[in-house]
Amino acid sequence: MLRTIFPALAHAIDMNSCPTLHQEGTAKNIKDKLQVLSMAVVEAYNILPNLDLIVPCVMNKGIDFSVSSLSMVPGITIKPMLEKITNGIPQALKLFENKAFTCEYKYDGQRAQIHKLVDGSICVFSRNGGESTSRFPDLIDIFKGSSKSVASTFIMDAEIVDIDRKNGYRIMSFQVLSSRRRGGKDTLVDICIFVFDIMFANGEHPFKFCFQIEVDDACLTYEATLTKINAFLEDALCSSCEGILVKTLDVDAGYSPSKHSDKWLKVNYVEGLNDTLYLVPIGAWHENGRKAGWYSPFLMACFNPEAKKYQSVCCVMSRFSDSFYRFVKLMKELFSRDKVLSKKPPYYQTGVASDMWFCPQVVWEIRGAYFTVSLGLICITDVKMDYFLHLKKMGINFCASDRSPKECSAVANIVEMFHSQTRKMDATAGD
DNA sequence: ACTGCCTGCCC
DNA sequence: ATTCTGC
DNA sequence: GCAGAATGGGCAGGCAGT
């Protein structure tokens with residue numbers, strides 16, 4: 001669309017509106033004009049992704065078309081502004097060097113663009129523009145009750161989060177939120193809405209703010225800023241958030257639809273922040289197609305000294321990447337035929353069935369951002385019966401350890417890590 | 001009524 | 001959501 | 001560097017078969 005359709009559209013409009021231009025202007029001139037026009041069309045599409053509305057307008061305005069020729073329309077989703085991922089606060093600070101910025105919690109929920117239409121009805125759209133109004137009747141009630149006199153129309157950006165109001169207003173994970181029954185009422189999963197932007201209200205784009213920067217914060221040193229934001233990130237993680245968003249307040253601040261914009265930075269995982277797990281690959285699945293013959297993913301296990309069993313914890317290398325290719329040779333050696341078992345041995349305890357099983361022979365270092373609880377993977381049943389811990393966002397270090405398989409992480413350590421992690425998942429609700 | 005399989009839609 | 005690829 | 005396509009994990013729900 002952006003690279004082909006819209007430039008072509010711009011070209012067509014241009015030729016249609018002033019056919020003489022191509023004889024008059026230089027080639028470069030024409031190219032520049034087309035570039036400007038097609039960028040304007042792209043920009044318009046981002047706030048009004050509906051060609052039935054855009055094309056007539058562009059045809060009418062011709063070469064003079066710009067975003068301001070059109071307005072947002074409640075009921076038609078704006079392409080949501082997206083953030084850029086960073087690997088830590090220092091990187092975020094570097095990107096925002098000498099700029100004013102602010103920080104917000106990034107809640108672990110579902111993005112929602114909430115519209116109030118001209119007829120007064122409330123509509124909810126997902127990140128990808130899908131209608132999800134029917135999934136959140138309670139949201140509709142909240143807005144119908146509270147927004148009557150405030151605005152006749154609006155478009156706002158928000159995060160819908162699951163909150164346990166009966167249990168200290170604890171914010172629950174996305175996993176729990178998505179377990180809501182679709183379509184109808186659901187009394188089990190209560191929600192809360194965090195609005196973080198208003199792009200449109202009463203027919204206008206009201207919020208082109210000039211931000212006033214607090215003087216004291218503007219004077220902080222780098223170290224003081226880092227400390228402050230670190231504390232804020234820590235707060236966010238302790239509040240069951242996924243991390244924080246760092247948003248610029250500089251002159252270029254504003255809503256940029258559809259862009260993985262440098263104006264919003266996400267910090268949700270800091271390398272080295274978490275403990276390393278030492279896990280043993282006990283099984284693997286075959287890849288298909290042209291990757292046939294290779295293993296992916298690997299099933300990783302820890303050791304339970306009491307049961308004298310290996311218990312699966314997570315899968316790693318669930319897809320191929322550059323780093324994987326570097327270790328293909330190593331894999332082949334490690335799991336050559338004599339190391340492959342004919343069937344799952346009794347000292348492997350797992351709820352999943354991998355294609356093949358290996359002798360316990362090496363230990364890999366695995367780091368992860370946090371644990372979730374799921375039905376699929378293994379083994380730590382003292383967390384919640386029938387549910388299993390699952391390490392999320394893991395990375396792997398193949399330069400691993402001289403440890404022997406029985407010196408890998410013990411199941412008790414992993415349970416302890418789960419209980420002490422700052423994110424409190426559903427599984428701990430019974431504590 | 002239960003199951004596995006598949007889809008669609010979230011992240 | 002992340003990751004890879006072609007432009 | 002960007003946009004698009006391809007991938008993963010997880011959820012509810014539809015549907016066919018038993």
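Quick note on labels: first sequence line is chain A, next is B, and so on, each numbered from 1.
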Atom pair distance, as rounded to whole Å: CD1 in A:Ile191 and P in D:dC11: 19 Å
For A:Gln175 and D:dC11, give me the distance from atom CD to atom P, rounded to whole Å. 5 Å
Tell me, please, which residues at least two apart from A:Lys84 pass salt bridge (Lys or Arg N to Asp or Glu O under 4.0 Å). A:Asp262
Categorize A:Ile85 for me: base, sugar-phosphate, or nothing, with a 4.0 angstrom heavy-atom threshold over every strand shown. sugar-phosphate
Within the structure, does a side-chain N or O atom of A:Arg181 lie under 4.0 Å from either OP1 or OP2 of D:dG13? yes
Protein N or O to nucleotides 2-5 of chain D N or O, pairs below 3.5 Å:
unit_1: D:dC2; atom_1: O2; unit_2: A:Arg3; atom_2: NH2; d: 3.4
unit_1: D:dG4; atom_1: OP1; unit_2: A:Met1; atom_2: N; d: 3.1
unit_1: D:dG4; atom_1: OP1; unit_2: A:Leu2; atom_2: N; d: 3.2

Taking side chain to side chain donor-acceptor pair (under 3.5 Å) as the definition, give me every residue that meets it alongside A:Lys247, ordered by chain and number, with sequence neighbours left out. A:Glu104
Pairs flagged by side-chain hydrogen bond (donor to acceptor under 3.5 Å, both in side chains) wherever residues 51-65 of chain A is involved - sequence neighbours left out: none
Set of ring pair (Phe, Tyr, Trp, His ring centres under 6.0 Å) partners for A:Tyr310, sequence neighbours left out: A:Phe303, A:Tyr348
Are any of A:Lys266's side-chain N or O atoms less than 4.0 Å away from OP1 or OP2 of C:dT2? yes
NA contact type, A:Lys84, heavy-atom cut-off 4.0 Å: base, sugar-phosphate, or nothing? nothing
Kindly write out the residues that satisfy side chain to side chain donor-acceptor pair (under 3.5 Å) with A:Asp157, not counting sequence neighbours, or none if the list is empty. A:Arg111, A:Tyr255
Rounded to whole Å, please give me the gap between NZ in A:Lys106 and C1' in B:dC11. 9 Å
Would A:Arg165 and A:Asp190 pass as an ion pair if we require N to O under 4.0 Å? yes
Before we go on, tell me: are the rings of A:Phe232 and A:Tyr105 under 6.0 Å apart, centre to centre? yes
Return the set of residues passing side chain to side chain donor-acceptor pair (under 3.5 Å) with A:Glu131 (not counting sequence neighbours), or none when no residue passes. A:Thr133
Mind checking side chain to side chain donor-acceptor pair (under 3.5 Å) for A:Thr102 and listing every partner two or more places apart, or none if nothing turns up? none
Nucleic acid footprint by protein, nucleotides 2-10 of chain B - heavy-atom cut-off 4.0 Å, B for base, S for sugar-phosphate alone: ------B-B
Nearest whole Å is fine: how far is D:dG10 P from A:Met172 CE? 17 Å
